[in-house]
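One structure is given here, and the rest of the page talks about it.
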Amino acid sequence: MAVREDKKELIIENAVGVFAERGYYKATTAMVAKAAGVTQPYVFHFFENKEELFKAVIDRAFSRIYDTFAKIQAPADRLIETMGHAFEQIIQTHRDEVLMVMQAYAISDIGIREHVRNLFLTIFESLTLKFENAGISNAKEIASQFIGTGLLITLAEVLNLPQLTPGKDNC
């Protein structure tokens, strides 16, 4: 059973790179299978179709972000800055996952769009609650701005346009 789960994780890990590089529409399960060193039917052994594989991969990316933010403990006056630095660390260590998050909301497939919508909503609600619990006023607005800033930072990183985020190193 452990070998089976290891192969599933191997497929997901390699799918991250394929989807990040090619995008959802240009990526194929054959490309993922080749990158993972398995056959395409073996990919379908774990995932019903490309959409389900993508959802598993995007779930991993969002879970990493969610878990990272959930673990952060900082005083209210340093919470947003600390979370921002943690997000920048995720960009450095899991760049392909962040690239997927960046492009996921632009996928027009209804099933994926709804799935990604729910993931972003979960992040928004958890940030709002974290900010409220820290005593930060206007928690919803701050959570919205935090997500927007994260998307802007990711865009600047992807396009190598640091001019879009001139003050980011001074969070």
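- Distance check, rounded to the nearest 0.5 Å: OG1 of Thr128 to CG of Asn138 gives 11.0 Å.
- Considering Ile147, Ile153, Thr149, Leu155 as possible partners of Leu151, the one that fulfils the side-chain contact (heavy atoms from CB on, under 4.5 Å) test is Ile147.
- When all heavy atoms of Ala76 and Ala134 are compared, the closest pair comes out as CB-O, 3.2 Å.
- In the hydrophobic clustering of ILVMFWY residues, with side-chain heavy atoms under 4.5 Å counting as a link, Phe44 and Ile11 come out apart.
- For the atom pair CD1 (Ile72) and CZ (Arg78), the distance works out to 11.5 Å, reported to the nearest 0.5 Å.
- In this structure, Lys55 contributes its side chain and Val116 its backbone to no donor-acceptor pair below 3.5 Å.
- Residues Leu53 and Ala15 approach most closely at CD1-CB, 4.0 Å, considering heavy atoms.
- Between Thr122 and Phe62 the shortest side-chain heavy-atom distance does not fall below 4.5 Å.
- Remark: Ser108 OG to Tyr25 OH distance equals 3.0 Å, nearest 0.5 Å.
- In this structure, Glu157 pairs ionically with Arg95, as a charged nitrogen and a carboxylate oxygen lie closer than 4.0 Å.
- The closest side-chain heavy-atom distance from His85 to Glu81 is below 4.5 Å.
- A donor-acceptor contact shorter than 3.5 Å links the side chain of Asp109 to the backbone of Ile112.
- In this structure, NE2 on His115 lies 12.0 Å from CZ on Phe120, to the nearest 0.5 angstrom.
- Side-chain contact between Arg64 and Phe69: absent, with no pair of heavy atoms (C-beta onward) separated by less than 4.5 Å.
- No donor-acceptor pair closer than 3.5 Å links the side chain of Lys8 to the backbone N or O of Val43.
- Residues Asp96 and Ala20 share a closest heavy-atom pair of O-CB, 3.5 Å.
- By the rule that hydrophobic residues join a cluster once side-chain heavy atoms approach within less than 4.5 Å of another member, Val32 and Leu10 end up as members of separate clusters.
- Aromatic ring centres of Phe47 and Phe54 lie farther apart than the 6.0 Å criterion allows.
- Of the inter-residue distances, the one linking Asp59 atom CG with Met100 atom CE reads 9.5 Å to the nearest 0.5 angstrom.
- Side-chain contact between Met83 and Leu79 is present, with at least one heavy-atom pair separated by less than 4.5 Å.
- Here the closest heavy-atom approach between residue Phe19 and residue Ala27 is recorded as CD2-CB, 3.5 Å.
- Between Thr154 and Val101 the shortest side-chain heavy-atom distance does not fall below 4.5 Å.
- Ile110 and Leu119 fall into different hydrophobic clusters, where Ile, Leu, Val, Met, Phe, Trp and Tyr are joined by side-chain heavy atoms under 4.5 Å apart, directly or via other members.
- Judged purely by distance below 3.5 Å, without hydrogens or angles, the side chains of Thr29 and Tyr42 never pair a donor atom with an acceptor atom.
- Across Arg113 and Tyr105, no two heavy atoms sit closer than the pair NE-O, 3.3 Å.
- By the 4.5 Å heavy-atom criterion applied to side chains, Ser126 and Phe131 are not counted as neighbours.
- Rounding to the nearest 0.5 Å places CD of Gln163 at 8.5 Å from OG1 of Thr165.
- When all heavy atoms of Phe124 and Ser144 are compared, the pair lying nearest together is CE1-N, 3.8 Å.
- Using a cut-off of 4.0 Å between Lys/Arg side-chain N and Asp/Glu carboxylate O, Arg60 and Glu13 are scored as salt-bridged.
- No continuous path of ILVMFWY side-chain contacts below 4.5 Å connects Leu129 to Ile136, so the two sit in separate hydrophobic clusters.
- No donor-acceptor pair closer than 3.5 Å links the side chain of Lys140 to the backbone N or O of Glu125.
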